[in-house]
There are 2 protein chains.
Amino acid sequence: MLRLSKLTDYATVILSFMARDKIQVHAAIEIAAVTGIALPTVSKILKSLVNANVLISTRGAKGGYILARKPQQITVATIISALEGPIALTECSISRQGCEQASGCDIGGNWSLINKTIHNALESVTLADLIRPVVVSEEVLVPVSSIYR
Amino acid sequence: MLRLSKLTDYATVILSFMARDKIQVHAAIEIAAVTGIALPTVSKILKSLVNANVLISTRGAKGGYILARKPQQITVATIISALEGPIALTECSISRQGCEQASGCDIGGNWSLINKTIHNALESVTLADLIRPVVVSEEVLVPVSSIYR
DNA sequence: ATTAAATAGGACTAGAATAGTCCTGAATTA
DNA sequence: TAATTCAGGACTATTCTAGTCCTATTTAAT
């Protein structure tokens with residue numbers, strides 16, 4: 001099902017809370033309480049987000065986490081890759097090494113186009129968009145086919 | 001890394017071979033030999049593709065598999081969902097039940113927009129595109145941001 | 001200084017999902 | 001009737017994910 005890990009899902013929930021809330025600094029334990037996610041898990045996620053420069057941490061009493069950038073500048077692609085590594089659908093899109101599909105596989109290049117497309121889609125949606133109230137317009141279409149034809 | 005399963009990857013390799021080859025009917029054992037994928041695994045994949053109406057099978061001696069439609073009419077989205085079920089990034093995009101992120105999660109609607117976008121991207125690329133020689137144009141951009149702004 | 005609050009980093013475990021195999025049955029051709 | 005080939009499902013082993021926990025480090029307050 002082209003799955004995103006649970007942790008990434010949690011991350012968007014956590015970041016949405018942080019972006020919505022007026023208060024700047026949030027301790028891990030506070031975030032755990034608000035979101036209902038267990039503290040150790042929250043900590044783990046927050047650490048990953050710090051490493052990806054999405055959050056800035058402060059240690060010690062009164063410490064905690066704040067957004068490193070404005071919500072408009074934090075993309076969904078960034079969030080995903082913070083928790084799951086590079087966004088790619090297939091192994092060989094990341095590195096060609098180890099792909100031993102000797103004879104059959106000539107489609108690497110095409111996969112990488114699809115990957116770029118999806119990456120770009122995720123890159124164009126930000127945290128600010130995620131916390132925006134949804135106004136659904138059903139007929140939004142993105143013609144990726146133009147890449148090929 | 002927003003991963004696609006290995007089996008799905010194999011499926012594209014198998015289908016690419018079948019689409020490229022002039023001969024219509026291919027037995028599982030033959031496909032295994034050409035692609036270098038183990039026979040039981042190939043069989044498993046082919047069965048899934050038959051169930052998804054991507055392939056048609058014929059039993060008995062001289063039996064085998066053929067494409068159910070023209071390569072132009074088989075989308076990447078179809079191939080992926082044949083092997084992995086519905087394309088969605090998060091659980092709650094498939095069903096809202098069981099999402100107990102009581103307080104924190106107000107972003108379901110927005111995720112579903114992203115899902116639609118990606119689904120649409122995958123829907124617009126066909127098997128025919130996959131077997132086409134790649135002509136890379138680096139600056140292809142798909143403005144999903146227009147969905148929100 | 002000392003204590004309490006908070007993150008950093010990494011090791012570890014249990015459970016779930018995936019990949020892969022195998023077996024038995026059914027259909028078709030020669 | 002025998003050989004070939006797919007159908008369906010059970011099964012196993014390995015990998016991955018989610019989640020927990022421990023120790024060290026940093027900072028603020030008293």
Side-chain angles (χ1 to χ4, degrees), chain A residues 1-11 13-14 18 23-33 35-66 68 80 82-85 89-91 98 100-101, chain B residues 1-11 13-14 18 23-33 35-68 80 82-85 89-91 94 98 100-101:
Chain A
M1 92 167 181
L2 196 67
R3 202 164 42 83
L4 216 58
S5 82
K6 248 182 177 176
L7 294 185
T8 305
D9 200 356
Y10 292 161
V13 172
I14 291 172
M18 293 181 73
I23 302 157
Q24 293 285 307
V25 181
H26 296 279
I29 194 171
E30 179 202 345
I31 293 172
T35 59
I37 304 167
L39 176 57
T41 304
V42 168
S43 291
K44 188 179 191 173
I45 295 166
L46 292 171
K47 286 173 205 170
S48 297
L49 292 171
V50 169
N51 286 331
N53 299 310
V54 173
L55 297 179
I56 294 172
S57 64
T58 321
R59 289 190 182 185
K62 307 260 167 142
Y65 298 88
I66 58 171
I80 292 175
L83 283 124
E84 319 202 10
L89 295 181
T90 55
E91 274 303 334
E100 296 301 337
Q101 237 53 46
Chain B
M1 93 167 178
L2 196 66
R3 205 165 41 84
L4 216 58
S5 82
K6 248 181 178 177
L7 294 185
T8 305
D9 198 357
Y10 292 162
V13 172
I14 291 172
M18 292 180 74
I23 302 158
Q24 294 283 309
V25 182
H26 296 279
I29 195 171
E30 178 201 345
I31 294 172
T35 60
I37 304 166
L39 175 58
T41 303
V42 168
S43 291
K44 187 179 193 174
I45 295 165
L46 291 172
K47 286 174 204 170
S48 298
L49 292 170
V50 168
N51 286 330
N53 299 310
V54 172
L55 297 179
I56 294 172
S57 64
T58 321
R59 288 188 184 186
K62 306 258 168 144
Y65 298 88
I66 58 171
L67 296 180
I80 292 175
L83 283 124
E84 319 202 9
L89 294 180
T90 55
E91 275 303 335
I94 297 175
E100 296 301 337
Q101 237 53 47

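The sequence lines fix the lettering, A, B, ..., with proteins before strands; numbering per chain opens at 1. From a predicted model like this one, the values you see are computed outputs, not experimental measurements.
Separation of atoms OH (B:Y65) and CG (B:L46) is listed at 5.0 Å; rounding is to 0.5 Å. Here the CG-CD1 distance, from B:L7 to B:I80, works out to 13.0 Å after rounding to the nearest 0.5 Å.
The side chain of A:A28 sits closest to C:dT7 out of C:dA19, C:dT7, D:dC6. When distances run from any side-chain atom of A:S57 to the nucleotides C:dT7, D:dA7, D:dT20, the shortest one goes to C:dT7. Distance from the side chain of A:K6 is smallest for D:dA18 among the nucleotides C:dT18, D:dA18, D:dT20.
When rounded to the nearest whole Å, the span between CG of A:L4 and P of D:dT17 equals 11 Å. Remark: C1' of D:dT17 and CD1 of A:I37 are 15 Å apart, rounded to the nearest angstrom. Atom-to-atom, CG of A:L83 to P of D:dC16 comes out at 17 Å; the value is rounded to the nearest Å. In this structure, B:L55 places its CG atom 14 Å from C1' of D:dA7, rounding to the nearest Å. Computed from coordinates, the A:L7 CG to D:dG19 P distance equals 6 Å when rounded to whole Å. Atoms CG (A:L39) and P (C:dT7) sit 8 Å apart, rounded to a whole Å. Between A:E84 atom CD and D:dC16 atom C1' there is a gap of 12 Å when expressed in whole angstrom units. In this structure, A:Q24 places its CD atom 18 Å from C1' of C:dA6, rounding to the nearest Å.
End-to-end axis angle for the helix from C:dA1-D:dT30 to C:dA30-D:dT1, using five pairs per end and rounding to 10°, comes out at 10°.
B:L39 meets the side-chain contact (heavy atoms from CB on, under 4.5 Å) test with B:A28, B:I29, B:A32, B:S43; sequence neighbours excluded. Under the side-chain contact (heavy atoms from CB on, under 4.5 Å) criterion, B:A38 pairs with B:P40, B:T41, sequence neighbours left out. Checked against side-chain contact (heavy atoms from CB on, under 4.5 Å), A:I56 has the following partners two or more places apart in sequence or in another chain: A:I66, A:A68. Qualifying side-chain hydrogen bond (donor to acceptor under 3.5 Å, both in side chains) partners for A:T8, counting only residues two or more places apart in sequence or in other chains: A:S5, A:E84.
Contacts with DNA chain D (heavy atom under 4.0 Å) in residues 43-51 of chain A: A:K44, listed by number.
Partner B:I31 forms a side-chain contact (heavy atoms from CB on, under 4.5 Å) with one of B:V13, B:I37, B:I14 and no other, that one being B:I14.
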Set out, line by line, the N/O atom pairs under 3.5 Å between protein and nucleotides 15-17 of chain C.
none

Between protein and nucleic acid, restricted to nucleotides 2-4 of chain D and to nitrogen or oxygen atoms under 3.5 Å apart, what atom pairs and distances do you find?
| residue | atom | partner | partner atom | Å |
| --- | --- | --- | --- | --- |
| D:dT4 | O2 | B:A61 | N | 3.1 |

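Phosphate proximity of D:dG19 to A:Y10: present, with a side-chain N or O under 4.0 Å from OP1 or OP2. One finds no side-chain N or O of B:T58 lying less than 4.0 angstrom from the OP1 or OP2 phosphate oxygen of C:dT28.
Side-chain contact between B:I45 and B:L83 is present, with heavy atoms from C-beta onward closer than 4.5 Å.
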Please list every donor-acceptor pair under 3.5 Å in which a side-chain atom of residues 47-54 of chain B meets a protein atom from a residue at least two apart or in another chain.
| residue | atom | partner | partner atom | Å |
| --- | --- | --- | --- | --- |
| B:S48 | OG | B:K44 | O | 3.3 |
| B:N51 | ND2 | B:K47 | O | 3.4 |

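Considering all non-hydrogen atoms of both residues, B:H26 and B:E30 come closest at ND1-OE2, 2.9 Å.
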